[in-house]
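Notes to accompany the following structure.
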There are 2 protein chains.
Amino acid sequence: MTLTCDNAQKTRKGGSGMSGAKGKSSSGAGDPARTLELLWRDGSAAPAGRRGPRQGLTVDAVVDAALALADAGGLDALTMRAVAQHLGVTPMTLYTYVPGKAELLDLMLDAVFLRMHRPPFRPEESWRSRVTAVADANRALHLGHPWLVELRIVRAPLGPGVMTKYEYELGAFEGLGLDDVARDSALTYVLGFVQSGARAELDARAVARESAMSDGEWWDAHEPLLARALDESRFPLASRVGEASAIAYDGLYDAEHAYRFGLERVLDGLAALGGS
Amino acid sequence: MTLTCDNAQKTRKGGSGMSGAKGKSSSGAGDPARTLELLWRDGSAAPAGRRGPRQGLTVDAVVDAALALADAGGLDALTMRAVAQHLGVTPMTLYTYVPGKAELLDLMLDAVFLRMHRPPFRPEESWRSRVTAVADANRALHLGHPWLVELRIVRAPLGPGVMTKYEYELGAFEGLGLDDVARDSALTYVLGFVQSGARAELDARAVARESAMSDGEWWDAHEPLLARALDESRFPLASRVGEASAIAYDGLYDAEHAYRFGLERVLDGLAALGGS
DNA sequence: GCGTACTCTATACAACGTACAAAGTAAGCG
DNA sequence: CGCTTACTTTGTACGTTGTATAGAGTACGC
């Protein structure tokens with residue numbers, strides 16, 4: 001189901017101690033109860049009798065600081081040290097609010113899901129219109145939070161944001177004549193398409209920014225040496241189609257075009273399932 | 001065009017010196033001529049009069065060692081130190097064969113593309129059959145080389161593998177009545193779908209492996225605490241559909257099902273473009 | 001007023017890519 | 001033959017990451 005395929009990256013957190021993990025492992029290894037408690041903010045009432053000094057921050061403040069960093073600079077910019085500095089504390093202080101970076105990512109994911117705009121579907125609206133709205137909203141979400149596509153999303157943090165989003169988006173497929181299982185598959189399919197396109201677009205942006213070299217300049221730099229690659233006798237289709245596309249889009253990767261083209265295909269493909 | 005959207009991750013390599021880069025920046029910053037030379041293996045003829053000791057390895061040996069590591073353990077396992085150890089040399093030795101890790105990834109990408117199986121399309125074959133074959137081949141490619149989905153693929157290394165693959169796959173859309181620009185868009189669309197599904201499947205596998213906890217066990221661990229999330233009055237659709245899918249697939253993420261479902265949608269969507 | 005539970009801080013580790021410089025090797029030229 | 005020189009290979013070093021661990025400071029409950 002879609003939920004089983006919609007969760008956050010975790011940075012290793014084995015049962016015993018592991019420091020300085022490298023890869024993006026996704027857990028569920030951290031105490032599930034603690035994570036769910038944080039997601040639904042159970043500790044927020046400052047439950048009387050706490051012995052030591054009051055905490056100077058809140059979980060929300062930590063999450064918001066993390067979001068600001070990640071939205072601006074991607075996951076690379078999201079370091080525990082940076083979050084701490086942003087909040088005027090030392091890095092280790094964060095670990096009083098959040099068990100680790102993995103759980104922080106879970107909280108961030110649920111938070112942006114919860115804050116999405118969800119205008120109610122009008123009853124007379126066609127499913128095409130509703131699914132288009134869902135796709136557009138998800139595209140905007142990914143473009144506004146570029147770190148989302150960097151996450152390994154498996155086993156979603158089942159917080160309010162994830163649930164609310166799932167509930168709303170399933171509603172878009174009303175009227176298509178799908179049973180429950182097919183409805184979940186259809187949503188997964190649409191979200192996969194959107195995420196895939198968003199990833200390509202964000203990658204292209206990041207490369208353009210980091211290389212200080214536009215797509216056009218890149219092609220110019222390579223052109224003199226590309227006789228072999230663009231050899232018309234060896235790669236007739238590739239060189240012809242490649243050139244046509246390069247001319248059509250001025251050598252740039254045109255994400256907007258790819259999205260519009262793809263979304264029409266997606267909708268037509270769903271229509272063939274039997275709906276109107 | 002597809003090519004502009006099909007290249008390899010690079011780990012920073014600014015004009016001046018930068019050590020120990022962290023994020024996945026994609027370059028083109030490294031000398032393009034040198035990279036192209038490597039891709040097409042121009043230096044392979046050991047061009048007479050070389051002053052020092054002969055090199056004990058070859059670029060191919062380095063690439064193959066890197067492929068073995070990445071295929072087995074993903075990008076995390078692909079460290080310059082590990083490649084060097086695999087070849088019986090010290091890490092810095094690799095830099096005589098390859099300018100850096102970014103270029104090594106370019107070479108790896110082009111190599112696996114070049115080695116793909118490409119049975120010639122039969123003239124009487126339908127485009128649905130041909131496109132299905134291309135999708136299947138790409139799915140197998142990604143599942144066999146899990147590091148592929150971790151790459152940021154923009155500005156492809158224009159080597160023989162990338163070109164040959166592009167040429168072949170464009171041919172699958174013959175008979176659909178597409179002009180050159182639409183043909184490139186269609187291919188991008190299909191490849192995006194396949195990659196998206198493969199990523200989900202690989203992520204699910206990695207999580208299952210790393211967490212030593214099956215999907216079913218994960219659900220069992222969370223179930224007691226999920227009253228809120230699965231609240232039927234608050235999330236009626238989500239809990240109903242979620243449960244139906246969980247039962248249908250036994251709580252697991254069923255990648256095979258998602259692929260088959262999605263591919264049918266993709267083909268139907270393309271068919272609506274006007275082809276047979 | 002004192003113990004205790006808590007918050008916050010400082011220091012430390014191993015792993016990464018690779019810059020830098022030294023050490024070793026063999027070809028070309030006298 | 002021996003010197004120069006280009007090249008290969010190696011050792012060491014840096015700055016960055018998440019977080020384990022241990023210590024220092026604080027305020028509630030008895």
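To find a chain, count down the sequence lines: A is the first, B the second, and so on, and within it residues start at 1. Values in this document were obtained by computation on a predicted structure and should not be read as measured data.
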Selection from D/dT9, C/dC16, D/dG18 that lies nearest to any side-chain heavy atom of B/Thr79: C/dC16
For the pair made of CE in B/Met92 and P in C/dC16, what is the distance, rounded to whole Å? 15 Å
Please report the distance, rounded to the nearest Å, between CG in B/Leu104 and P in C/dG17. 10 Å
DNA chain C: 5'-proximal contact among A/Gly88 and A/Arg81 (nearest heavy atom): A/Gly88
B/Val89 side chain: which of D/dT10, D/dA13, C/dC8 is closest? D/dT10
Below 4.0 angstrom from OP1 or OP2 of D/dG18, is there any side-chain N or O of A/Tyr95? no
Residue A/Gln55, side-chain heavy atoms: nucleotide from C/dA19, D/dT8, C/dT7 that is nearest: C/dT7
Grab the CG-C1' distance between B/Leu87 and D/dT9 for me, whole Å please. 14 Å
For a quick test of reading the model: is some side-chain N or O of B/Thr93 closer than 4.0 Å to OP1 or OP2 of D/dT9? no
Measure CE/A/Met80 against P/D/dT16 and give the value in whole Å, please. 18 Å
May I ask you to say whether B/Arg139 pairs ionically with B/Glu201, meaning some side-chain N is under 4.0 Å from a carboxylate O? yes
If you assign B/Pro91 and B/Pro53 each to the DNA chain C nucleotide with the nearest heavy atom, which residue ends up on the more 5' nucleotide? B/Pro91
Whole angstrom is fine here: how far is it from CG in B/Asp76 over to P in C/dG17? 10 Å
Spacing of A/Leu158 atom CG and A/Leu39 atom CG [to the nearest 0.5 Å]: 8.0 Å
Using atom CZ of B/Arg54 as one end and atom C1' of C/dT25 as the other, report the distance to the nearest whole Å. 12 Å
Could you give the CD-to-P distance, from B/Glu103 to C/dG17, as a whole number of Å? 14 Å
Are any of the side-chain heavy atoms of A/Leu75 and A/Leu105 separated by less than 4.5 Å? yes
Charged N-O contact under 4.0 Å between B/Arg115 and B/Asp64: yes
Euclidean distance, atom NZ of residue B/Lys101 to atom P of C/dA19 [Å, nearest integer]: 14 Å
Separation between CG (A/Asp203) and CD1 (B/Ile153), nearest 0.5 Å, reads 8.5 Å
